[in-house]
There are 2 protein chains.
Amino acid sequence: MSRPAKAAGKGRKLSNFLCFAVYSANLAFGRAYKPLLDKVGLTYTQYIAMVALSDEDEQTVSALGEKLFLESNTLTPILKKLEQMGYIRRHRDPDDERQVLLSLTSAGRKLIEQDLGEAVIEATGLGDEFPAVQKTVSRLRDNLLRNTKPR
Amino acid sequence: MSRPAKAAGKGRKLSNFLCFAVYSANLAFGRAYKPLLDKVGLTYTQYIAMVALSDEDEQTVSALGEKLFLESNTLTPILKKLEQMGYIRRHRDPDDERQVLLSLTSAGRKLIEQDLGEAVIEATGLGDEFPAVQKTVSRLRDNLLRNTKPR
DNA sequence: TGTATTTAGATCGTATCCGATTTAATCGGA
DNA sequence: TCCGATTAAATCGGATACGATCTAAATACA
């Protein structure tokens with residue numbers, strides 16, 4: 001759970017755990033987005049996948065997975081749902097039939113471009129700190145992934 | 001997804017989204033703890049629940065839920081599993097049969113006291129920044145929850 | 001060429017999250 | 001006192017995460 005080495009003894013309180021702060025902040029983000037995403041019929045993860053797909057067309061499932069830190073076991077069902085909703089296209093690469101290429105449809109791109117979540121920036125209450133916090137948390141993530149055995 | 005207002009236009013990149021940083025940092029924490037928790041047969045969420053329960057004995061499910069930002073629909077199955085594993089006790093409050101009171105068993109307390117996750121602190125690579133980051137992320141969470149309709 | 005190996009997705013089972021509903025116990029007002 | 005409203009857990013269904021396994025396609029190399 002990772003807490004500061006100093007806060008020993010009786011200080012084993014939940015609030016001292018950085019991993020809990022991140023865990024609960026993630027839940028809080030999900031709830032902040034919920035009302036916005038309900039309007040377009042997407043879940044939080046589906047939306048994150050759409051944003052990642054908006055980076056470029058014809059990404060493979062693996063490439064998307066590297067961006068999201070997820071694998072095909074999690075992504076395949078999500079991608080099939082998004083395809084079924086008409087927001088993305090999935091088709092096998094003719095040059096390598098093992099790979100599936102992903103692209104947003106025009107409907108999908110339109111949805112991403114209306115830029116939901118602008119309102120959530122306000123709700124973070126971070127003001128000018130916003131970019132610094134974003135960088136710090138990203139660095140934390142990268143450190144953890146680097147210092148953890150790949151499996 | 002909340003990104004800085006400045007990064008408009010083509011800057012709709014995943015890396016600009018704070019919510020994604022938090023989402024992926026949470027996944028990274030789960031993976032960092034995985035090898036440690038596998039040894040004691042706990043999942044990440046189960047361990048977080050145990051830490052929260054170590055705060056005090058005879059907490060209700062609701063009280064625990066407030067700490068974890070979860071409700072009985074999520075907690076009940078987890079608590080039953082922990083009870084079955086012998087780490088906690090669950091019993092109805094005689095004074096109000098609607099409530100279930102929760103306590104760590106001695107086995108559960110012993111597990112928490114061996115202080116897993118000391119190693120994960122190192123893996124965060126935050127050094128002296130650790131307490132500041134913990135506070136900032138907690139504040140972010142609290143802001144989001146406060147600025148989001150309770151449902 | 002032929003077969004072992006590797007690779008990309010997909011599938012399956014388990015464990016969260018969470019909205020909605022249900023059940024049982026308690027409370028409250030006429 | 002009696003019955004409707006409230007409350008605490010539990011249950012149910014849908015959607016992630018993720019380890020393990022499977023299948024099919026591509027690659028390696030003897």
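The shown structure was predicted, so the numbers you read here are calculated from the model rather than taken from an experiment. Letters go in sequence order (proteins before strands), and every chain restarts at 1. Because only heavy atoms are used, hydrogens play no part in the values below, and waters and symmetry mates are left out as well, while side chains stay in.
- No side-chain donor-acceptor contact under 3.5 Å links Glu66(B) and Ser62(B).
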Gln99(B) and Arg92(B): CA distance, side-chain angles, deciding distance, side-chain contact (heavy atoms from CB on, under 4.5 Å) verdict: CA-CA 6 Å; Gln99(B) 301 186 343; Arg92(B) 293 274 168 184; over 6 Å; no
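- For Glu97(A), the CD atom sits in a packed shell: over 12 heavy atoms of surrounding residues, nucleotides or ligands are nearer than 6.0 Å.
- Here Thr74(A) lies in heavy-atom contact (under 4.0 Å) with a base.
- Residue whose closest nucleotide on DNA chain D sits further toward the 5' end, between Arg90(B) and Thr45(A): Arg90(B).
- Residue Tyr44(B) has no polar side-chain atom (N or O) positioned under 4.0 Å from OP1 or OP2 of dA15(C).
- Contact between the side-chain N/O atoms of Thr43(A) and the OP1/OP2 oxygens of dG14(D) is not found at any separation under 4.0 Å.
- In this structure, dC29(D) and dG2(C) make a Watson-Crick or G-U wobble pair, each of the two defining distances being under 3.5 angstrom.
- Counting to the nearest Å, the C1' atom of dA15(D) and the CG atom of Leu75(A) are 13 Å from each other.
- Separating the CG atom of Asp93(A) from the P atom of dG9(C) is a distance of 9 Å, rounded to the nearest angstrom.
- Across the protein-nucleic acid pair, Asp38(A) atom CG and dC17(C) atom P stand 19 Å apart, rounded to whole Å.
- Atom CD of Glu97(A) is separated from atom P of dT27(D) by 12 Å (rounded to the nearest Å).
- Side-chain contact check for Ser103(A) and Glu58(A): at least one donor-acceptor pair (N or O, by modelled atom type) lies under 3.5 Å.
- Atom CG in Leu82(A) sits about 18 Å away from atom P in dG14(D), given to the nearest Å.
- Rounded to whole Å, the distance from CG on Leu79(A) to P on dT16(D) is 10 Å.
- Among the nucleotides dC18(C), dT16(D), dA17(D), the one closest to any side-chain atom of Arg31(A) is dC18(C).
- Asp142(B) and Arg146(B) are not joined by a salt bridge, as no carboxylate oxygen comes within less than 4.0 angstrom of a charged side-chain nitrogen.
- In terms of phosphate contacts, Gln46(A) brings a side-chain nitrogen or oxygen within less than 4.0 Å of OP1 or OP2 of dT16(D).
- At the heavy-atom level, Ile78(A) lies under 4.0 Å from the strands shown only through sugar-phosphate atoms.
- Dashed line: the shortest gap from a side-chain N or O of Lys80(B) to OP1 or OP2 of dT11(D) is under 4.0 Å.
- Scanning both residues, Ala49(A) and Leu82(A), for their nearest heavy atoms gives CB-CD1, 4.3 Å.
- At a cut-off of 3.5 angstrom, counting only N and O atoms as typed in the model, there is a donor on one side and an acceptor on the other between the side-chain of Asn73(A) and the base of dG19(D).
- Electrostatic pairing of Arg109(B) and Asp57(B) counts as a salt bridge here, judged by a charged N lying under 4.0 Å from a carboxylate O.
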Write down the protein N/O and nucleotide N/O pairs, taken from nucleotides 3-8 of chain D, whose separation is under 3.5 Å; answer none if there are no such pairs.
| from | atom 1 | to | atom 2 | distance (Å) |
| --- | --- | --- | --- | --- |
| dT7(D) | O2 | Arg98(B) | NH1 | 3.2 |

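- The CG atom of Asn26(B) sits 11 Å away from the C1' atom of dT16(C) (whole-angstrom rounding).
- Residue Arg92(A) is the one, among Arg92(A) and Ser72(B), whose nearest nucleotide of DNA chain C lies closer to the 5' end (criterion: closest heavy atom).
- The side chain of Lys81(A) contributes an N or O atom lying less than 4.0 Å from OP1 or OP2 of dA15(D).
- Leu144(A) and Ala32(B) get closest at one heavy-atom pair: CD2-CB, 4.1 Å.
- If you measure from atom CD1 of Ile48(A) to atom P of dC17(C), you get 15 Å, rounded to the nearest angstrom.
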